[in-house]
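These notes are about the structure you will find just below.
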Protein chains: 2
Amino acid sequence: MTDSTTIPVKATRVSFDVVEALQELDEAGAAEISNHLGIPKSTAHDHLRTLEQLELVVNENGRYRTGTRFLDFGGYARQQMKIYNVARPEIRKLAEQTGEHSNLMVEEHGRGVFLYKAEGTNAVQLDTYNGYRVHLHTTAMGKAILAHFPEKRVRAILDRHGMPTVTEHTVDNEEELFEELAQIRSQGFARDLEERVRGMRCVAAPILRDDEVLGAISVSGPASRMQGERFESEIPDHVLRTANVIEVNMTYS
Amino acid sequence: MTDSTTIPVKATRVSFDVVEALQELDEAGAAEISNHLGIPKSTAHDHLRTLEQLELVVNENGRYRTGTRFLDFGGYARQQMKIYNVARPEIRKLAEQTGEHSNLMVEEHGRGVFLYKAEGTNAVQLDTYNGYRVHLHTTAMGKAILAHFPEKRVRAILDRHGMPTVTEHTVDNEEELFEELAQIRSQGFARDLEERVRGMRCVAAPILRDDEVLGAISVSGPASRMQGERFESEIPDHVLRTANVIEVNMTYS
DNA sequence: TAAATCTGTCCGATAATACCGGATGGGCAG
DNA sequence: CTGCCCATCCGGTATTATCGGACAGATTTA
């Protein structure tokens with residue numbers, strides 16, 4: 001990972017600070033962005049106008065919001081990804097079979113990216129959306145991915161992004177995490193017991209090719225349904241089987 | 001629309017030229033970007049490194065590609081849009097009912113943005129993806145939207161983006177387009193007879209609220225299935241009914 | 001209703017940097 | 001093994017991003 005202390009084009013960094021601020025504020029004017037980022041009002045306005053002319057943000061009567069052009073760039077990027085194209089129909093089937101949420105995640109820049117999700121008939125409302133990025137250690141899919149990274153790479157990720165906790169169940173100790181990753185490798189799948197969202201449980205399996213981890217898939221549902229035999233073996237069986245189908249399709253197509 | 005000749009932060013514009021070049025080239029190194037954009041190699045490299053540090057592009061052994069972080073920004077933007085949340089279940093139902101592709105489009109910066117699509121059981125493979133942007137006049141949904149814009153706004157959009165043709169059926173004459181828009185207003189829906197994709201036909205209806213057009217929905221399918229009674233009245237009925245449900249839900253929720 | 005305050009937008013001076021030429025080392029082709 | 005191309009790096013300088021302050025409109029307060 002590159003040293004982020006010497007970014008070559010600082011103006012682009014400021015523009016993206018503005019984009020991130022818009023995402024955090026939902027919609028805002030130049031004064032609000034200025035206050036939020038601690039930059040002068042006219043600087044904020046310069047960047048907003050630039051982003052608007054690039055069609056990246058929308059100005060509605062002096063209020064700005066994030067535009068859909070990001071979806072264009074991101075949607076295209078995703079569409080080019082082989083794992084996405086191969087996994088999508090299988091994720092849908094998995095959602096149908098289990099009735100729950102089924103997801104696909106990849107790692108990028110040391111973060112977990114929700115690339116695709118399908119909803120089964122009983123799926124509860126979740127906060128995730130395509131593109132949603134999380135700390136890897138906070139999700140079963142993320143841990144399934146980390147479990148197959150070299151330890152050096154895992155440590156670099158933890159150094160770069162830290163280990164914030166999001167519920168009281170989130171693992172916050174590096175050694176505990178490494179022990180858990182070893183267990184995941186041994187049993188072949190990962191579990192999330194309310195570690196990212198209180199009340200939600202998850203089973204995830206890595207997508208492997210030649211010992212390289214390409215991503216992970218999962219099924220998630222409320223703790224009330226994800227327990228007992230279903231959570232212990234039924235759901236893991238579905239997930240592992242689907243992961244294997246995806247692995248085979250990644251190799252032979 | 002703002003004057004695009006005086007962009008306040010030119011470095012951000014160059015960065016986005018690089019992002020657009022990456023999308024066009026799929027993946028590229030600094031030299032290829034340099035050739036493509038006509039800028040010095042070290043300038044291209046400066047911007048690529050900046051975008052990489054912002055986690056917007058991925059460097060794989062000196063080859064760069066668009067990252068999924070754009071999906072994060074765009075996915076979040078979309079998730080905040082009321083019309084998306086209200087329309088999504090209805091678009092799904094429409095796809096189930098008709099067996100074809102069903103789509104939702106909004107206008108942004110004078111372009112049509114495919115915000116959501118659902119695939120019915122018989123849906124053919126299409127080139128669209130969430131976030132895909134098109135010239136409004138090239139699609140039925142786009143024409144349904146333009147039909148409910150003031151003429152001045154329509155002319156401004158045509159001035160800004162032009163009227164390129166994408167198939168031999170695409171309307172390329174402004175007066176013809178305005179005649180067609182008047183007809184769309186009178187019959188309440190629009191048709192696309194192979195105007196954007198050869199072999200594909202489409203029926204679209206606007207989503208209106210207090211005479212303001214919020215977006216449009218459509219059903220599209222191959223010309224072989226989209227003909228006769230089905231194309232003349234059955235599919236239009238489905239589309240208009242769904243549009244009306246969305247309009248009601250936009251008003252009362 | 002009027003005054004005060006806040007905000008969006010604009011513009012020009014200057015401090016800061018984006019631009020980019022050229023160097024270096026690695027990979028690949030012949 | 002040699003030549004060519006590419007990725008990456010770095011420092012000088014031409015260019016611009018930054019930002020203070022002005023102005024007009026909108027909103028809030030008295």
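Quick note on labels: first sequence line is chain A, next is B, and so on, each numbered from 1.
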(request) Indicate the ring-plane relationship of Y116(A) and Y84(A), choosing parallel, tilted or perpendicular according to the 30° and 60° boundaries. (result) perpendicular
(message) Rounded to whole Å, please give me the gap between CG in N61(A) and C1' in dT27(D).
(response) 15 Å
(request) May I ask you to check whether N103(B) and S218(B) show a side-chain donor-acceptor distance below 3.5 Å? (result) yes
(message) If the cut-off is 4.0 Å, is N59(B) near the phosphate of dT8(D), judged by side-chain N/O to OP1 or OP2?
(response) yes
(message) In this structure, how many angstroms lie between the P atom of dC19(D) and the CG atom of L48(A), rounded?
(response) 14 Å
(message) Without decimals, in angstroms, what is the distance between Q53(B) CD and dA18(C) P?
(response) 12 Å
(message) With side chain to side chain contact (heavy atoms under 4.5 Å, CB included) as the test, pick out the partner of H148(B) among V154(B), D211(B), L208(B).
(response) L208(B)
(request) Kindly point out which of dC19(C), dG8(C), dC20(C) is positioned nearest to the side chain of V14(B)? (result) dC19(C)
(message) Quick check for you: among dC20(C), dC10(C), dA7(D), whose closest atom lies nearest to any side-chain atom of T43(B)?
(response) dC20(C)
(request) Would you kindly give the CD1-to-P distance between I39(A) and dT18(D), to the nearest whole Å? (result) 8 Å
(message) If you assign each of T12(A) and R63(A) to its closest nucleotide in DNA chain C, which residue comes earlier from the 5' end?
(response) R63(A)
(request) Taking only the side-chain nitrogens and oxygens of Y64(B), find out if one of them lies under 4.0 Å from OP1 or OP2 of dC6(D). (result) no
(message) Whole angstroms only, please: what is the CG-P distance between L51(A) and dT9(C)?
(response) 14 Å
(request) Could you please name the option among dT8(D), dA18(C), dC10(C) that lies closest to any side-chain atom of H45(A)? (result) dC10(C)
(message) Could you tell me how far apart E27(B) (CD) and dC6(D) (P) are, to the nearest whole angstrom?
(response) 14 Å
(message) Which nucleotide wins on minimum distance to the side chain of D46(A), given the candidates dA7(D), dC19(D), dG8(C)?
(response) dC19(D)
(message) Go nucleotide by nucleotide along DNA chain C from the 5' end; which of A11(B) and G29(A) gets its closest nucleotide reached first?
(response) G29(A)
(request) Determine the interplanar angle of the F16(B) and F73(A) rings, folded into 0 to 90°, and report it as parallel if under 30°, tilted if 30 to 60°, perpendicular if over 60°. (result) tilted
(request) Give a yes/no answer on whether the side chain of S42(B) brings an N or O atom under 4.0 Å of OP1 or OP2 in dG21(C). (result) no
(message) If you compare every side-chain N and O of H47(B) against the phosphate oxygens of dC19(C) (OP1, OP2), does one of them come in below 4.0 Å?
(response) yes
(request) Taking only Lys NZ, Arg NE, NH1 and NH2, and the carboxylate oxygens of Asp or Glu, determine whether R13(B) and D17(B) approach each other closer than 4.0 Å. (result) yes
(message) Rounded to whole Å, please give me the gap between CG in N35(B) and C1' in dC6(D).
(response) 11 Å
(message) Ignoring hydrogens and geometry beyond distance, is the side chain of K41(A) in donor-acceptor contact with the base of dG8(C) at under 3.5 Å?
(response) yes
(message) Can you measure R13(A) atom CZ to dT17(C) atom P for me and round it to whole angstrom units?
(response) 13 Å
(message) I want to check one thing: is the phosphate of dC9(D), taken as OP1 and OP2, less than 4.0 Å away from some side-chain N or O of R49(B)?
(response) yes
